[in-house]
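What follows is a short report on a single structure.
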Amino acid sequence: LRGRVLLQHRVRGVLRGVLGHQDRRRERHVRERHPRHRPRCRVRRRPHLQRRWRLPHGVHRRRPVRGHVLLHGDDGWRVLAPDLPGHGFSQLSLDDGEYTRAAYARRLWMLLDALGIGRAPLIGHSMGGAVAAEMAWQQPARVERLALLSPAGFGRVPWRARMLHLVPDALAPLARPFASRAAAHLVLGDVYGPEGTWSPRDEEELLAPYAQRDIYRSMLRTIKEFDFRLHEVAALARLPEGTLVVFGTHDGVVRPGDVATLVQAVPGGRLVMLARIGHLPQVEAAAQVASLLLEFLRSPRVAGAGSAD
């Protein structure tokens, strides 16, 4: 989950990780049941899913491209990868106060309710990792397992992002001319590890949502409202037992200097550090991360209670 939580609902089968090409996808829009807003949320459902997150803090990413972990639904894996409201190509304009971690988590639970899914494993990346953790705190009995990739809340976000708190919302659209190929190159250079590479198509994918005027205010409101601070130890103790946390040693977006201590506060928490990998372990070390997730999803259920849907 850039800006997403990857929700995996197991019927039966396995998850396979490979480096793959882009598959055709089936998309549908689910309108959330909300008494005031009813924002649109784009959901991708397909037999084969590639998923990639790119921008800092999980903000404003959209569909996947080549070279990602391929989540292969051979025998009943149902994979949901929603664009959060305010991100990608879901509804961008939300009221103030709707860009918080708790609000995003509530909306994702609303999505699962609308799809008739009671329990599911959750996998979240970057900002989406913090949202996935919040979902587990809100409704722990519905979370079968929790895996977090480069998650916000387990590492420190650089100070330069916090400087944007000083920018008035009315000035947000002025950033539009800066959404250039050169800017994409700089962002990807920060996001990847020292040996990471990307293609011109990756840059195009990163820039695509920024053709929308409203995304600039949405991005600014997210930075102002979303809580990127380290999780409290007391809260970490309430995460699902056996939570998996994966970080790259060279992550410059969510810096993992405190991660070992924080994971120790999670009951049965497991930390995997990937050498010379940046903020995108599911891209830079796709096969290794896919293998970790396969092992994670095949392991005996330890989180929540009751049977899978």
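Here the structure is a predicted model, which means the values were calculated and not measured.
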Which value, rounded to the nearest 0.5 Å, describes the distance between Leu171 atom CG and Tyr216 atom OH? 14.5 Å

Look at the side-chain heavy atoms of Ile, Leu, Val, Met, Phe, Trp and Tyr, link any pair under 4.5 Å apart, and say whether Val167 and Leu92 land in one connected group. yes

Before giving the answer on side-chain contact (heavy atoms from CB on, under 4.5 Å), spell out for Tyr104 and Met127 the whole-Å C-alpha distance, their side-chain angles and the decisive distance to 0.1 Å. CA-CA 10 Å; Tyr104 285 132; Met127 172 180 152; 3.3 Å; yes

Is it the case that one hydrophobic cluster holds both Ile223 and Leu174, taking links as side-chain heavy atoms less than 4.5 Å apart, direct or via other members? yes

Minimum heavy-atom separation for Val143 to Pro240, with atom names? CG1-CG, 4.1 Å

Looking at Val246, Leu297, Leu149, which hits side-chain contact (heavy atoms from CB on, under 4.5 Å) with Leu292? Val246

With distance as the sole test, does Asp95 use its side chain to make a donor-acceptor pair with the main-chain N or O of Glu98 at under 3.5 Å? no

Would you say CD of Gln138 has more than 12 non-hydrogen atoms from neighbouring residues, nucleotides or ligands within 6.0 angstrom? yes

Side chain to side chain donor-acceptor pair (under 3.5 Å) with Arg176: which residues, sequence neighbours excluded? none

Does anything in residues 121-140 pair up under salt bridge (charged side-chain N to carboxylate O under 4.0 Å, His left out), and if so which pairs, sequence neighbours excluded? Arg101-Glu134

Donor-acceptor contact below 3.5 Å, side chain Gln288 vs main chain Ala285: no

Close side-chain approach of Thr222 to His87, heavy-atom, < 4.5 Å: yes

Sub-3.5 Å donor-acceptor pair from the side chain of Glu284 to the main-chain atoms of Gly193, do we have one? yes

Run Leu239 and Trp137 through side-chain contact (heavy atoms from CB on, under 4.5 Å) and show every step you take. CA-CA 7 Å; Leu239 284 179; Trp137 288 320; 3.5 Å; yes

Least distance between heavy atoms, Leu230 atom then Phe154 atom: CD2-C, 3.9 Å

What distance separates Leu244 CG from Leu146 CG, expressed to the nearest 0.5 Å? 9.0 Å

With the side chain counted from C-beta on, respond yes when Ile117 and Leu111 share a heavy-atom pair under 4.5 Å apart, and no when they do not. no

Side chain to side chain, Leu122 and Met135, heavy atoms closer than 4.5 Å: yes

Closer than 3.5 angstrom, by distance alone: can the side chain of Ser218 be matched with the main-chain N or O of Gly86 as a donor-acceptor pair? yes

Atom pair OH/OG of Tyr210 and Ser180 - distance to nearest 0.5 Å: 12.0 Å

Can the ring centres of His279 and Phe247 be said to be less than 6.0 Å apart? no

Within the side chain of Asp202, is there an N or O that forms a donor-acceptor pair under 3.5 Å with the backbone of Ser199? yes

So does Tyr99 get a backbone contact from the side chain of Glu225, meaning a donor-acceptor N/O pair under 3.5 Å? yes

Test side-chain contact (heavy atoms from CB on, under 4.5 Å) applied to Arg221 and Asp169, step by step: CA-CA 8 Å; Arg221 291 310 312 169; Asp169 288 6; 2.9 Å; yes

Correct closest heavy-atom pair for Asp258 and Arg156 would be OD2-NE, 2.8 Å

Tell me whether Asp96 is salt-bridged to Arg217, with the criterion being a basic N under 4.0 Å from an acidic carboxylate O. yes

In Å and rounded to the nearest 0.5 Å, what is the CG to CG distance from Leu271 to Leu262? 10.0 Å

Can we say Arg142 and Asp113 salt-bridge, meaning some charged N sits less than 4.0 Å from an Asp/Glu carboxylate O? yes

Where Gly88 and Ile215 come nearest, the two heavy atoms and their spacing: O-CD1, 4.2 Å

Kindly indicate, with the supporting measurements, whether the criterion side-chain contact (heavy atoms from CB on, under 4.5 Å) is fulfilled by Thr249 and Ile277. CA-CA 6 Å; Thr249 58; Ile277 298 298; 5.7 Å; no

Taking atom OG of Ser150 and atom CD of Gln282, what is their separation to the nearest 0.5 Å? 6.5 Å

Listed once per pair and sorted, the side-chain hydrogen bond (donor to acceptor under 3.5 Å, both in side chains) pairs that draw on residues 261-278, sequence neighbours left out: Glu195-Arg276

Is Val233 reachable from Val259 through a run of hydrophobic residues whose side-chain heavy atoms are each under 4.5 Å from the next? no

If you compare all heavy atoms of Gly97 against all heavy atoms of Ala103, which two are closest, and at what distance to 0.1 Å? O-CB, 4.2 Å

Nearest 0.5 Å please: distance from the CZ atom of Arg238 over to the CD atom of Glu232. 10.5 Å

For Leu188 and Trp198, work out which heavy atoms get closest and say how close. CD1-CD1, 3.4 Å

